[in-house]
Amino acid sequence: MSVAFATEVIRRLRARGVVVSDNWTDWRRNGNGQTSAYAGGIMHHTATAYGDAFPALVAGRPDLSGPLCNSAGCSDGSITIVAAHPANHAGASGGRGTRPFPDTGVFNRMVWGHEIVYPGTNPMTDAQWHSMVQLGAVICEILNRGPEWIKGHYETSVTGKWDPGFAPPDRSISMNDVRAQIHDALEGDMFTPADRQFLDDIKEQLTGSREPGQFPGFPSFVDPTVKLSDVDFLRRIDQRVNTLLAHSDTQQEALRDLTQAVSEQHGIDGDQLLSAITTAINEELERASLGSSKSPRPEQPA
């Protein structure tokens with residue numbers, strides 16, 4: 001079951017647009033020796049610097065043998081698969097947020113453990129949050145269960161764990177917010193907050209900004225008496241942006257539909273336009289990535 005479950009996690013994450021590394025370690029064999037009976041997932045923070053998966057997640061540390069998780073959430077939003085079989089991450093369950101899980105001393109075999117590589121005393125990156133939500137949705141999909149089966153370690157721990165956190169001292173993220181977003185992801189909403197802001201900015205520039213004087217908007221939107229040759233075209237994009245913000249299944253679909261509207265209006269090749277926009281977005285993301293400082297790879301989680 002373990003390898004089949006992990007393989008399906010990988011497949012579904014990639015289908016949702018999450019970058020997954022499944023060649024970093026021998027994840028098909030890694031485990032603590034228990035037989036899996038996965039019923040949900042637990043989210044953690046490593047209490048280390050932002051970064052990528054690191055060796056201690058597989059090898060363990062002096063006080064706890066590895067592997068320490070099933071997957072790791074890297075700071076760029078990618079997910080590294082660490083172990084298909086149960087890992088030593090959850091300890092015993094029984095905290096006040098444990099339900100619907102049982103109180104048990106062999107909790108690891110019941111829950112897929114996701115270690116998000118960040119300090120916990122600062123927020124995880126937006127990309128890490130997004131991939132965490134998508135992973136939670138994937139686990140629920142595979143098990144045919146609801147978001148209530150995705151927990152933060154602080155909810156189930158009987159030893160005072162507070163991960164995943166976002167600020168000192170020991171301030172945990174709201175797993176109710178996470179579960180609400182997992183619910184939305186299960187309903188088909190795969191946009192990140194940054195994606196929604198980007199589309200909302202496009203809409204503002206077409207229809208006028210909420211902030212006076214910033215984006216005046218096109219005259220045909222702000223004054224219905226003005227008639228322009230491209231009125232129908234602009235209204236079509238405005239309507240499409242509204243629809244995409246509420247109903248689009250994927251970011252790529254949103255981009256394809258917008259470029260199709262532009263290409264039809266101006267008689268240009270839609271595929272070439274889509275390729276040019278995608279290239280520009282990727283170049284901007286690369287510039288942003290190069291402009292941010294990358295922390296040294298940590299040695300082990302707390």
Side-chain angles (χ1 to χ4, degrees), residues 1-31 36 38 40-44 51-54 57-58 67 69-85 87 111-118 124-145 147 149-150 178-179 181-196 198 244 247-257 271 274-275 277-279 281-283 285-286 288-289:
M1 172 186 176
S2 297
V3 173
F5 185 89
T7 301
E8 190 64 9
V9 166
I10 294 168
R11 186 186 72 80
R12 294 188 185 223
L13 281 173
R14 286 173 172 161
R16 287 174 168 269
V18 178
V19 174
V20 181
S21 173
D22 61 352
N23 58 4
W24 181 66
T25 184
D26 193 2
W27 58 268
R28 293 174 181 83
R29 294 186 179 183
N30 291 341
S36 66
Y38 295 134
I42 299 287
M43 304 300 171
H44 305 266
D52 302 324
F54 49 95
L57 295 177
V58 178
C69 61
N70 299 100
S71 58
C74 305
S75 56
D76 63 0
S78 64
I79 289 179
T80 299
I81 304 301
V82 175
H85 304 280
V111 281
W112 180 277
H114 184 58
E115 284 279 3
I116 305 166
V117 186
Y118 78 111
M124 67 183 79
T125 67
D126 289 344
Q128 286 174 316
W129 185 286
H130 177 68
S131 61
M132 171 186 65
V133 169
Q134 297 304 319
L135 174 63
V138 162
I139 291 171
C140 291
E141 281 179 341
I142 296 171
L143 297 171
N144 195 27
R145 295 190 168 193
W149 293 92
I150 305 298
V178 174
R179 285 185 284 268
Q181 292 186 28
I182 289 172
H183 175 273
D184 291 343
L186 289 168
E187 295 294 315
D189 184 353
M190 295 167 62
F191 284 112
T192 67
D195 295 329
R196 290 196 167 277
F198 176 70
L244 291 170
H247 302 297
S248 180
D249 288 337
T250 65
Q251 301 168 42
Q252 194 63 30
E253 180 183 344
L255 192 55
R256 279 198 302 267
D257 284 359
D271 290 337
L274 178 60
S275 176
I277 293 174
T278 302
T279 299
I281 291 173
N282 288 336
E283 288 175 350
L285 289 173
E286 184 176 354
S289 176

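Everything numeric here is computed off the predicted structure, so don't read it as measured data.
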Self-check item: Polar contact flag, side-chain donor to acceptor under 3.5 angstrom, His85-Ser36
Solution: no
Quiz item: Between CZ of Arg12 and CD of Gln134, what distance do you get to the nearest 0.5 Å?
Solution: 13.0 Å
Practice problem: Give a yes or no answer on whether the side chain of Arg179 reaches the backbone of Ile150 with a donor-acceptor pair at less than 3.5 Å. | Solution: yes
Self-check item: Atom of Ala72, atom of Ala53 and distance for their closest heavy-atom approach
Solution: CB-CB, 3.9 Å
Quiz item: Taking the side chain from Arg16 and the backbone from Ala185, do they hold a donor-acceptor pair closer than 3.5 Å?
Solution: yes
Quiz prompt | Donor-acceptor contact below 3.5 Å, side chain Glu141 vs main chain Leu186 | solution = no
Quiz prompt | Closest non-hydrogen atom pair, Gly40 against Leu143 | solution = N-CD1, 3.5 Å
Quiz item: Atom CG in Asn70, atom NE2 in His114: separation rounded to 0.5 Å?
Solution: 10.5 Å
Quiz item: Ignoring hydrogens and geometry, is there a side-chain-to-backbone donor-acceptor pair from Ser131 to Gly77 under 3.5 Å?
Solution: yes
Exercise. For the pair Ser71 (side chain) and Ile79 (backbone), establish whether a donor and an acceptor sit closer than 3.5 Å, ignoring hydrogens and angles.
Key: no
Self-check item: Where Ala83 and Gly31 come nearest, the two heavy atoms and their spacing
Solution: CB-N, 4.5 Å
Quiz item: Is Arg145 atom CZ crowded by more than 12 heavy atoms from other residues, nucleotides or ligands, each under 6.0 Å away?
Solution: yes
Quiz prompt | Heavy-atom pair with the smallest gap, counting every atom of Thr80 and Cys74 | solution = OG1-SG, 3.6 Å
Self-check item: Expected output: side-chain Trp112 to main-chain Tyr38 donor-acceptor under 3.5 Å
Solution: no
